[in-house]
Asker: 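Have a look at this one.
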Amino acid sequence: MKVLVVGGGGREHAICWKLAQSPKVTELYCAPGNGGIAQVAECVPIKATNVNGMVKWAKENAMDFVMVAPDDPLALGMVDALEQAGIPAFGPRANAAIIEASKAFSKELMKKYHIPTARYKTFTDLDSALAYIREQGAPIVVKADGLALGKGVVVASTVEEAETAVREMMEDKKFGESGSTVVIEECMTGPEVTVLAFCDGEHLAPMLSSQDHKRAYDGNQGPNTGGMGAFCPSPKYTPEIADRCVREIFLPTVAALKAEGRPFKGVIYFGLMLTKDGPRVVEYNARFGDPETQPILSMLDSDLMDIFQACVDGTLDQVDIKWKDGAACCLVLASGGYPVKYQSGHPISGLAESEALGATVFHAGTKAENGEILTAGGRVLGVTATGSTLEQAIAAAYAAAKPISFQDMHFRTDIGKV
Ligand code: AMP
Ligand code: GLY
C-alpha cells in the first residue's frame with residue numbers, strides 16, 4: 001500500500017515510525033514531514049492545511065490511504081475532500097472533528113447526552129459574560145470556542161483575571177474569530193489523565209492511558225506549551241476508573257455523535273479530570289495527542305495499519321489490539337525560550353549515541369540540511385524509552401537524552417514525577 005501521513009511533528013514521526021513497521025505499507029510519504037520523518041518516509045513539501053493541494057497530490061500519486069493527524073486540516077474537511085476524491089482516509093470528517101473545533105458544540109453535546117463534564121454557559125455577548133463571571137465568582141474557567149493552538153483556556157483564580165481573559169478574547173480578538181464565542185465553566189479539581197481511543201463510527205478501542213506535562217518549567221510552573229513530556233500508562237487510571245470512563249463517557253460519546261449524524265472515525269482524545277465525584281471530561285480532541293502519541297505507540301504491539309483500516313471500514317470490533325507490558329516515557333527537548341520566543345537553525349549532536357542507548361528519538365521541529373540535523377521549531381525532539389516499570393522508563397528516557405545537545409536546549413527534569 002502507498003500511504004500518506006499528513007503533518008510534521010513528533011506525533012507524526014511516531015505514526016510514520018510505527019506504520020513503517022507494517023508489512024502492508026510498501027511506500028510511505030509524509031507531508032510536510034521533518035528532518036527525522038525523512039528517515040522513515042519520503043517527505044512531500046505540502047502544508048498540512050493545504051486541503052486542495054494535498055488531495056491533488058494524493059490523487060496524482062495514487063495513494064491507497066491517507067492518515068490526517070493534525071487538528072486544523074481535520075476541521076477544514078480534509079478527510080471529506082479525500083473521500084470525495086475516492087481515497088480512503090483516516091480521521092474524522094469536519095462534522096465530527098467539530099468536537100475539538102468548537103468547545104460550545106462539545107459542551108452542548110455532553111449536556112444533551114448526560115456525559116459528565118464541568119457546568120458551563122456559552123456567551124456571544126461581552127456584557128452577559130462579565131455579569132455571569134461576577135455572579136459565579138472565582139475560581140472559574142474561560143475558554144475561547146474555537147481552535148487557539150491550545151492557548152485559548154484560562155483557569156482564573158480571581159474574578160479580575162477571568163474578566164481580563166474574556167475581554168481579551170471577545171473585545172481584543174486575541175484568538176481572532178475563535179474567541180467570538182466563549183465558554184465559561186466551573187473550575188474542577190483532581191488529577192488529569194488522557195485516554196486516546198480508536199473509533200470506527202460505532203465501536204471504540206481505548207489505548208493505554210497517559211499523562212502529559214503542559215507547563216514549560218519544572219514543578220508545573222511557567223507558561224502552557226504543547227506538552228513538555230508524557231508517559232503511559234497512568235498509575236492514576238485504575239481498572240475501576242477505566243470501567244466507569246468506558247460506561248459513563250467513552251461509549252456515550254461515540255453513541256451521541258452517531259445519533260447526531262456525525263459518526264466519528266479516527267482517534268478521540270478524552271482529556272479527563274478524576275474529580276471526587278467521578279471522572280469528568282475536560283476536553284475532547286479529534287486526533288492523536290502530541291506528545292502522548294510518542295510513548296503510546298511505543299507500547300503498541302499490533303500493526304497500526306490494520307487498526308487504521310478497521311477504523312475506516314467500521315470493523316474495529318474484529319481487531320485484537322495488543323499492548324506491551326511495562327511503561328513508556330517521552331521527554332521533550334525544546335529550544336530555549338519556547339513557548340514564547342526562541343531561535344532555530346542550531347545543529348543537533350548526539351542523536352545516534354542516544355538511540356544506541358535503546359531510546360527512539362522522535363523529531364518534532366527539525367530539518368535535515370547538508371547531512372546535518374538542525375533545530376526548526378519550539379519543541380525539537382521527543383526522546384522516548386520503554387521500561388518494565390514507569391520509573392525505569394523515565395530513567396531510560398533521561399539517560400538517553402544525555403548525549404544530545406544543541407544551543408540553548410531546554411527540558412524539564414521532572415517528567416513523570418509531578
Ligand atoms: P484544554 O485546552 O481544554 O485542555 O484546557 C487546558 C487545561 O486547562 C486543562 O488541561 C486543565 O488543566 C485546565 N482546565 C480546563 N478546563 C478546566 C476546568 N473546567 N476546571 C479546571 N481546569 C480546567
Ligand atoms: N498534548 C496535548 C494535545 O495534544 O492536545
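First listed ligand is number 1; within each ligand, the first listed atom is number 1.
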Asker: Taking atom CZ of R93 and atom CG of L74, what is their separation to the nearest 0.5 Å?
Answerer: 13.0 Å
Asker: Can you tell which of E283, R280, M273 gets a heavy atom nearest to atom 22 (N) of ligand 1?
Answerer: M273
Asker: Answer with yes or no whether the side chains of D218 and T413 bring together a donor and an acceptor at under 3.5 Å.
Answerer: yes
Asker: Please verify the inter-ring angle class for Y398 with F411; under 30° counts as parallel, over 60° as perpendicular, anything in between as tilted.
Answerer: tilted
Asker: Going by the angle between their ring planes, with limits at 30° and 60°, are W17 and F362 parallel, tilted or perpendicular?
Answerer: perpendicular
Asker: Give the protein residues with at least one non-hydrogen atom closer than 4.0 Å to an atom of ligand 2, ordered by chain and number.
Answerer: D212, G226, Y269, N285, R287, G289, D290, P291, E292
Asker: Could you check whether E163 pairs with R134 (Lys NZ or Arg NE/NH1/NH2 to Asp/Glu carboxylate O, under 4.0 Å)?
Answerer: yes
Asker: Tell me whether the rings of F231 and H213 are parallel (<30°), tilted (30 to 60°) or perpendicular (>60°).
Answerer: tilted
Asker: Run the numbers for me: atoms of ligand 1, each under 4.0 Å from some heavy atom of A118, listed by number.
Answerer: 19 (N)
Asker: Any atoms of ligand 1 less than 4.0 Å from a non-hydrogen atom of K103? List them with their elements.
Answerer: 3 (O)
Asker: M188 heavy atoms, cut-off 4.0 Å: which ligand 1 atoms fall inside?
Answerer: 18 (C), 19 (N), 20 (N), 21 (C)
Asker: Does a side-chain N-to-carboxylate-O contact under 4.0 Å join K107 and E185?
Answerer: yes
Asker: What are the two closest heavy atoms between Y217 and P223, and how far apart are they?
Answerer: CE1-CD, 3.7 Å
Asker: Within the structure, does V141 bring an N/O atom to less than 3.5 angstrom of an N/O atom in ligand 1?
Answerer: no
Asker: Heavy atoms only, cut-off 4.0 Å: how does E186 contact ligand 1, side chain, backbone, both, or neither?
Answerer: backbone
Asker: Counting each atom of ligand 1 from 1 as listed, which ones have a heavy atom of E185 under 4.0 Å away?
Answerer: 16 (N), 17 (C), 18 (C), 19 (N)
Asker: Identify, by atom number and element, the atoms of ligand 1 in contact range of C187, meaning under 4.0 Å from any of its heavy atoms.
Answerer: 20 (N), 21 (C)
Asker: Check D301, L304, I307 against I321 for a side-chain contact (heavy atoms from CB on, under 4.5 Å) and give me the one that passes.
Answerer: I307
Asker: Strictly below 4.0 Å, N to O, side chains only: are K121 and E135 in salt-bridge contact?
Answerer: no
